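Since this is a predicted model, take the numbers as computed values, not measurements. All residue numbers in this chain count up from 1 along the given sequence.
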Amino acid sequence: MIEALHTEDSGETAITPIAATPPVATPATTPDGPLLDLSSLDLAAVETAIRRAAADEIVPRFRQLAAEDIVEKNGPHDLVTVADRLAEEHLTASLTALLPGSRVVGEEAVHADPRVLDALHGDAPVWIVDPVDGTRQFVHGDPGFCTLVALAHRGEVLASWTYAPALGLMAVARRGAGAWLNGVPLQAGSPSSGAVLDVATSHYDFTNDEQKRVLATLETGGIAPRPCGSAGLEYLYIARGEIDATAFSWENSWDHAAGLLLVHEAGGASGTVAGQPFRIEGGNALPFTAARDAETARRILGLLAAAN
């Protein structure tokens, strides 16, 4: 899980302060046992594998898709392309080769067989993959899409990669060791005092009436909510200090695992309306937020919780 929020005995939501400089060591154990030692994994090779999958399967199809390359999954706004499927197959093969014994939870594999999600509850390391995050943008020729990969073990996200090939951006985070964009350290910082908060929210095309009602609590003074694009890029924008927070009402691990670690390692905070950390295994109280700092997260969660 991503640790940021907890609930005090009073029932009020409190936020654990996040250090400005990430600690240097990754916790070695969890209640379920020791965590994977990342020193045994070639992290540069992971980045190379992600870049290669995008170069082979995604970039050549950008703005080159034929009608038969695009399929609706659960409605007109939920699309999958041949690039999504082939890139996930490419990453599944290359990532498991880099870490023998690991499993993959990919968006398209889960769509085909929901039992794939069971790997998140097991003892094997798990690669969490969204081959094309922002498929709608990809289909419409918008460069605002990315490939998301996170490595998790026993519910803890240990490392993540956010790659936007059309924008030339590669963001990498390692638990307890920081976050970088194109090799430059990331620090989310804090919003200026009194500034209007720029908040990306679940897109209205993907929310029901109740979710819209809760998210509407952010339509208040001092906050400027807007529908999100690629969730992975919204997390990157928080880590860069370009937007202030998100408010999301869905919990698919492939959409959030990479970005939540990125935000935390850039000094940010996150949590759910129940005052609990977000769990990549699911079962979270929704909506939840990620933000540039703890004060911003507290403000967003307070408004969202008031609607329940």
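Salt bridge present: E57 and R61 bring a charged side-chain N and a carboxylate O closer than 4.0 Å.
The ring-ring contact (aromatic ring centres under 6.0 Å, His included) contacts involving residues 84-112 comprise nothing, where partners must be two or more places apart or lie in separate chains. Listed by first and then second residue, the ring-ring contact (aromatic ring centres under 6.0 Å, His included) pairs that reach into residues 153-203 come to none, sequence neighbours excluded.
What you find for V116 and V105 is that their closest heavy atoms are O-CG2, 3.6 Å. Contact between T201 and L218 at its shortest, heavy atoms only, is CG2-CD1, 3.9 Å. Nearest heavy-atom pair across A124 and R103 is CB-CG, 4.0 Å.
Y237 is linked by a ring-ring contact (aromatic ring centres under 6.0 Å, His included) to nothing, counting only residues two or more places apart in sequence or in another chain.
Here E242 contributes atom CD and E234 contributes atom CD; the two are 10.0 Å apart, rounded to the nearest 0.5 Å.
Inspection of the S202 and W250 side chains reveals no N or O donor paired with an N or O acceptor under 3.5 Å.
A donor-acceptor pair under 3.5 Å links the side-chain atoms of R292 to the main chain of S190, judged by distance alone. The main-chain N or O of A307 is found under 3.5 Å from a side-chain atom of R213 such that the two form a donor-acceptor pair.
The local environment of CZ in R52 is sparse, with at most 12 non-hydrogen atoms from other residues, nucleotides or ligands closer than 6.0 Å.
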